[in-house]
Amino acid sequence: MRRNPEHHGVFFPIGSIHRFPLFFFIILIIAAQIKQSTSFGHLLSCSYRQPRIFAKNNLHFSFVNHHYNTIRTTDNITQPPLNYKKTKTIHKPNNERPRITISPEQVEEQLKVALAALQQTSRGEDEAKLRPFPSVRDCNAALAAFGDAGDLLRALRLFGKMRKAAAYGGTMVPTPTLVTYSTLMSRAIKFSKPLVALRLWDLMIQKRSPGAIPMEDIDVRAANIRMNCFAKLADVPKAQNLLQQMITGDGPDVPRLPPNIVTYNTLLHACQRAGDLDAALAVVRHMHHCRPDTRTYTSLMATVARQKSASAGRNDPSLAFVLLDEMKSRGIRPNGITYSALIDACGRCRRPDLALRGLRIMLMQKAQEAESLSKMKGNQNSNKAIYTLPDEVGAWTAAINACGKAGRIQTALRLFRAMPGFGVMPNTITCGSLTDSLLRAGATAETLDVLRYMKKNGIVPSEVMYTSLMTRAERLAKMERDGKSFSMAAQAHVVALDSQPFEDQPIGDARAIDVYTELIKSLVEGGRRSKDYSPGNNTLLAETTTARGDDVLVKVFLVFQEMKTAGTMPDLACYNALLRACARAGDLDHANDVLRQMLAADLCPNDTSWRQLLQAAAQQKNSERALQAWKQGVEYSKERKRKRPFKDEPNVLTWKPSSSSLAALLSALLAEAKEPSISSEKRIALYRKVVELYDKVLLGDEKMGFDRLDLNDVLENQRVVILFIRGMLGLSDFEDDPVRLESQRLAVRSILELECLNQRDETYRLPWVVRETLNKAVAFSRAKAPVHAKTKEC
DNA sequence: ATAGGGTTAG
């Protein structure tokens, strides 16, 4: 696709993209960036504990390497072949008559009719009514088609009919085959429903179920699909167990199936999802007969530095660079995704300098390959297209993200503007990552630029971006309230450029993006010129201006509304962002409304969702509704349990409240208790409730769902513990009974001994309020006489 | 042309 040269005026001010000097110029820029960084030398001097994890395998693979097709460049560096495209077995156009294609819908209809007819005849009706069934192949193709379209339910319904038909038996019936199950399971995984895939597996091997597959018929591909389920679930033990079963053949799930490179790569993917580098390295050590490929190394690199704590090398991306060198030396060619994983590992370690180093290495590889390619082609210089690696955009995106999230937004922007000059166009993720970084840094003018770029290039914002916009919108408003205002001059400039009429633009996504533009603009200007929209331009905005102009919540809802209008399905994170906005505003009614919408959309609220409800109540200082929300959360899961059998329930079937959620509940109670307007009876009742909850938490009270709390987690949560202490201290002020007072004293004393209150950390000082509470608590716990006098003394 | 694996934004 050709790009409009006009764009360069806004986004690529450096110049025309096809000129070679630009290429050079960018390299210089990036080189300068890297040189600037003081910590650059660190990597070279640093060697990882296991610098050559493949050492054992190298001996073996030297034979393989011998046959590996390589190109020698002038630099005497071994290069992999440039024609990287998978050599696929090409089916020669056979002489047989072409099969008549039948659409998935037709298959569906034909199967329905044939099944109905079969059911009728089996009840003793006329056999002449029988209709022909579609072939298994056609059914499988239809399943694949529905699955690819994301309509899993439709595919599953079709599959159900196949099973029903199979129950009647007969040769003309499309009985599910291994391919049927494989097709369905792969589609379920593709749409992140690994649990559905696993249930299909159970159905597949269930004896006496119609269309079951005998265990010995299961092949490596099917086993790999099962492995992929565990990968998506980040379940390393189960994945390892499956591998073991495949090797030994004595397990309950699969027959003996020699694992292949796909099996190992999928297992490595499981390790990546779990962030378990040690497990990943162990897998590689046990890959005997399989030569690792690009994907092997890519997964490994993506596992580096995923966990924040634990053993050595965890916060250090150097292993990823070691792996890169190693794969190159073995003639395995890194691609854009490999570099993306490498660069992202640097980003995770907060090392934008190393991320840029990774990008530069990629550019060097690119230049080398381009050169050898042009030499191969000889003097055919007509090819104007810029040479790129496959999937290069991911590497740029990761680099932009690494810089942006580290606060180096100027560098991030420079990379963004430079990429087209390297023949790589930004995508939704590139733009979404960048705008999130920009908004985080308060750079609204630049954000608008990116939004305009997206509009011009037809890049549709994803649900991730909407969530980011909603989340950041609040932060921007907060910054505005705090007086950390943005450069209004810059704003005026951009806004002037952008004020084109809507009328002559196509309706659809392009129009939607204008609203976001206006939205951000209105956020920045919010409060100052609150009712300055011209109603003719946009009815949606005009309607909402009847609300208070500086109402952040309205704006967040507006983004949400716009997202739905644009046809993007909000996901759990979107709803949670919305709930968060409600919580901040203390708008419990809207929060409940959002919750209803979530449930209507068949999304399962998670801990964050429930916590937002609690926090909304806390913000309102409304203990009643906080307790009500808690109970609602605890009881919700019960309804969920017996729902449709083929819906993939999210990871949590029941709400497992986190300690932070408990903190939200407690702070709602204590917030109301502190209200001066309430009666002292009410106050006592509230403090008593907190103390009562403490006991119930310790006992794991089932009615409150406290049995699902992780007690260790609760007692390690400083905030929770402090809140409990506050409740006890509050109650002690009203307590006259010496026996009960003494037991409270005991409780406070035992809490004070908890580790989370006794950390001797020089770098972290407790907030003043916390220290004050602690001082009071210490005084109370030591006091023998009535507390009132003592505390007032202090 | 009916089935398998890698990366990046909230």
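Just so we're on the same page: letters track the sequence lines, and every chain starts at 1.
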Could you check whether [X] gets within reach of a base, just the sugar-phosphate, or nothing at all, counting any heavy atom under 4.0 Å?
X	result
Ala398(A)	nothing
Asn335(A)	base
Ala144(A)	nothing
Thr428(A)	base
Leu268(A)	nothing

Nearest of [options] to any side-chain atom of [X]?
X	options	result
Asn228(A)	dG4(B), dT8(B), dG10(B)	dG4(B)
Thr397(A)	dA3(B), dT8(B), dG6(B)	dT8(B)
Thr294(A)	dG10(B), dA3(B), dG6(B)	dG6(B)
Cys574(A)	dG6(B), dA3(B), dG10(B)	dG10(B)
Arg187(A)	dA9(B), dG4(B), dG10(B)	dG4(B)
Ser433(A)	dA9(B), dA3(B), dG4(B)	dA9(B)
Arg295(A)	dA9(B), dG6(B), dG10(B)	dG6(B)
Ile429(A)	dA9(B), dA3(B), dG6(B)	dA9(B)
Thr338(A)	dA3(B), dT8(B), dG6(B)	dG6(B)
Arg221(A)	dG6(B), dG10(B), dA3(B)	dA3(B)

What about [X], does its side chain sit under 3.5 Å from the base of [N] through a donor-acceptor pair?
X	N	result
Asp293(A)	dG6(B)	no
Ser462(A)	dA9(B)	yes
Thr467(A)	dG10(B)	yes

May I have the distance from [X] (atom [atom1]) to [N] (atom [atom2]), rounded to whole angstrom?
X	N	atom1	atom2	answer
Ile189(A)	dA3(B)	CD1	P	14 Å
Asn260(A)	dG6(B)	CG	P	14 Å
Tyr181(A)	dG4(B)	OH	P	17 Å
Leu434(A)	dG10(B)	CG	P	12 Å
Asn140(A)	dA1(B)	CG	P	15 Å
Arg306(A)	dT8(B)	CZ	P	5 Å
Asn576(A)	dG10(B)	CG	C1'	11 Å
His269(A)	dT8(B)	NE2	C1'	13 Å

Lys238(A) atom NZ, neighbour heavy-atom count above 12 within 6.0 Å: no

Under 3.5 Å: donor-acceptor pair, side chain of Asn228(A), backbone of Ala231(A): no

Could you pull out all donor-acceptor pairs under 3.5 Å where a side-chain atom in residues 212-221 of chain A meets a protein atom, sequence neighbours excluded?
residue	atom	partner	partner atom	Å
Asp219(A)	OD1	Arg221(A)	N	3.4
Asp219(A)	OD1	Ala222(A)	N	3.0

Between [Y] and [X], is the closest basic N to carboxylate O distance under 4.0 Å?
X	Y	value
Glu108(A)	Arg154(A)	yes
Arg611(A)	Asp607(A)	yes
Arg351(A)	Asp316(A)	no

Residue-phosphate contact under 4.0 Å: Lys232(A) side-chain N/O, dG4(B) OP1/OP2: no

Results of salt bridge (charged side-chain N to carboxylate O under 4.0 Å, His left out) for Asp436(A) - residues two or more places apart only: Lys405(A), Arg472(A)

